[in-house]
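Per chain, numbering begins at 1; letters A, B, ... match sequence-line order. Here the structure is a predicted model, which means the values were calculated and not measured.
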Protein chains: 2
Amino acid sequence: MKIDPDKKADLSAQIAQAIRDAIVSGDMIVDERLPSEAELADQFEVSRPTVREALKRLAAQSLIRTQRGAFGGAFVNKLSYEEAYGQQITTSTLLLSMNAVSFDVACEARYALERACTPLSAERRTPDHLATMRAEIHRQGHPGLSDESFCASDVTFHRALVDAACNPVLSYQLAGAVEAMQPLMNMITFTARSREEIVRLHTRIADAVEDTDAQAAETALHELEAYTLTLARDVMAARQKTRQV
Amino acid sequence: MKIDPDKKADLSAQIAQAIRDAIVSGDMIVDERLPSEAELADQFEVSRPTVREALKRLAAQSLIRTQRGAFGGAFVNKLSYEEAYGQQITTSTLLLSMNAVSFDVACEARYALERACTPLSAERRTPDHLATMRAEIHRQGHPGLSDESFCASDVTFHRALVDAACNPVLSYQLAGAVEAMQPLMNMITFTARSREEIVRLHTRIADAVEDTDAQAAETALHELEAYTLTLARDVMAARQKTRQV
DNA sequence: GCTTTTAAAATGTCAGACATTTAAATGTAA
DNA sequence: TTACATTTAAATGTCTGACATTTTAAAAGC
């Protein structure tokens, strides 16, 4: 980990990479303390600010945490599911917003992944998961709900569906897919009519999961995907029309 | 974006968050140039090193890129699929290695997600995708292949299967799941017998995809998941035995 | 023996300087 | 006029040294 050849990249980037490699490869284990900034500066033969920039890079990826005071320092951080969720969502959201990903492609990916969970969800759902889904369905039927709140409730519903698979790795992977869609979903104006239809489909999904009927749940998800697509296309068409006028 | 109240967090973290918010919210668009470090230091009323630490945090997340020289500076970076892949894989790998995720759970998640792609892959696979899959199958049959190379080839095969869905968002989401499994897979010693079985299943998958038979592909993937699990359990059992002696 | 004080070690922040890189502006010659 | 070389300015990258703040452990005092 000591070496640091004179590449073209920034020193702080090289140092960050060297430490990152040591962590990822397992040379440094969770909660192990890194040398102090001064010692690292000596080892890599750079100044302390340079070392600090490297450490901040690692902190941004939740690879290390720092603690002030005597016997403080930088420690290898145990990446929690929550932190991983967060990074996953940030990355996915940016990827979608910056790459002009079409609604269709994003939608297809999201529902395909979600359907991957349904067999497990139907098998393992607890009363808790079902209760969350029912509660969100109920909320979605409330007429005074804003479009934003409706979308947020939608996300909660689908996350409950995913969490019902009782596989944290799956939940982590899906978090990005579901949450990253929210900005795109927020562009849709949900009429009373369309909300009714969505609530109907959500109810079918919840029923199917409660009955441990994976096939029915998948079918309902397919229909929900198709319906979401038609809604999005209507919005796009209306927008196009407005622009032409 | 200017404000920066006296919270408890580090100044560099606060500044990074403020800029991050501006980017994610769309206040700053791709390729827009941030103020120079000196100007940012003025705006936030901190020193230049503090600003630099904040910028390095953002650079670590690929949110900005920096360019030296006149008319250089920090620019909002367009997050490419490649960069997103990379971060996804790093995060997933760490999450698995640091959280004592059981092989079973990770394996279940991976194959569940992969099965989500198969209907699309069977429908849209190009000759290119099929050729990659066949080539990797052929390589896997070579007796001189090391276990590491065998695993690497396995990853390439499965990525081709995923890419065949022709949905970049899906590919991005799956990259983490497939690659993050590699360290776990590398723990398995593949006997000639087990390689033969895996090659057989891979061939069945490729055949099914070529025949646009999604159902057969899913079934083969199910069997591959089950077989992978038995292999892993054998390894664990053998390890347990060795330890007891 | 318990509490308080003190000291030390580490990160967080600042100021100023210099090095390096890069592209535009300028100048010069064909 | 155009092509090429030179200069210059703006920005990031890096270094040095210092001080502030936080936190813990050890020392001092009762």
Side-chain angles (χ1 to χ4, degrees), chain A residues 2-20 22-23 28 31-78, chain B residues 2-20 22-23 28 31-78:
Chain A
K2 272 87 194 174
I3 38 172
D4 192 23
D6 356 43
K7 293 274 173 61
K8 288 174 191 170
D10 294 351
L11 290 176
S12 69
Q14 290 181 53
I15 293 168
Q17 191 58 52
I19 299 176
R20 182 165 24 241
I23 295 174
M28 304 204 65
D31 289 335
E32 186 174 342
R33 184 179 172 281
L34 275 73
S36 73
E37 294 175 355
E39 285 170 319
L40 286 172
D42 274 354
Q43 276 187 36
F44 288 110
E45 297 183 324
V46 297
S47 67
R48 216 186 118 209
T50 303
V51 167
R52 281 183 61 81
E53 287 178 9
L55 294 179
K56 295 312 163 199
R57 288 175 189 266
L58 299 175
Q61 296 180 311
S62 305
L63 279 163
I64 61 169
R65 61 174 188 280
T66 56
Q67 204 176 334
R68 295 180 68 170
F71 295 79
F75 298 84
V76 178
N77 192 37
K78 173 169 174 175
Chain B
K2 274 85 195 175
I3 38 174
D4 192 19
D6 358 43
K7 293 275 171 60
K8 285 174 192 170
D10 293 352
L11 289 177
S12 70
Q14 290 181 53
I15 293 168
Q17 190 58 51
I19 299 176
R20 184 168 17 246
I23 295 174
M28 304 203 66
D31 289 336
E32 187 174 342
R33 184 179 172 281
L34 275 72
S36 73
E37 295 175 354
E39 286 170 318
L40 286 172
D42 275 354
Q43 276 188 34
F44 288 111
E45 297 183 323
V46 297
S47 67
R48 216 186 116 206
T50 303
V51 168
R52 281 183 62 79
E53 287 179 10
L55 294 180
K56 294 313 164 200
R57 289 175 188 264
L58 299 175
Q61 297 180 312
S62 304
L63 278 163
I64 61 169
R65 63 174 187 279
T66 56
Q67 202 176 336
R68 294 181 70 171
F71 296 78
F75 298 84
V76 177
N77 192 36
K78 173 168 173 175

Inter-residue atom distance R20(B).CZ - I64(B).CD1, 0.5 Å rounding: 10.5 Å
Nearest-angstrom distance from the residue atom CD of E37(A) to P of dC15(D): 14 Å
Any donor-acceptor N/O pair under 3.5 Å between dT23(D) base and R68(A) side chain: no
Any donor-acceptor N/O pair, N77(A) side chain to S62(A) backbone, under 3.5 Å: yes
Spacing of CE belonging to M28(B) relative to CD1 belonging to I19(B), to within rounding of 0.5 Å: 8.0 Å
Along DNA chain D (nearest heavy atom to each residue), the more 5'-positioned of A70(A) and E45(A): E45(A)
Residues in contact with DNA chain C, drawn from residues 51-61 of chain A - heavy-atom cutoff 4.0 Å: R52(A), K56(A)
Distance below 4.0 Å between T66(B) side-chain N/O and dG13(D) OP1 or OP2: yes
Interatomic distance, L34(B) atom CG to T66(B) atom OG1 [nearest 0.5 angstrom]: 11.0 Å
Outermost DNA chain C nucleotides near chain A [under 4.0 Å, heavy atoms]: dA8(C) to dT13(C)
R65(A) (side chain) donor-acceptor with D31(A) (main chain) under 3.5 angstrom: no
Min side-chain heavy-atom separation E53(B)-T50(B) under 4.5 Å: no
Rounded distance in Å - CZ (R48(B)) to P (dT16(D)): 16 Å
Touch class at under 4.0 angstrom, heavy-atom based, for R33(A) against every strand present: sugar-phosphate
Non-hydrogen side-chain atoms of D10(A) and R57(A) separated by less than 4.5 Å: yes
N/O donor-acceptor pair under 3.5 Å between R48(B) side chain and L40(B) backbone: no
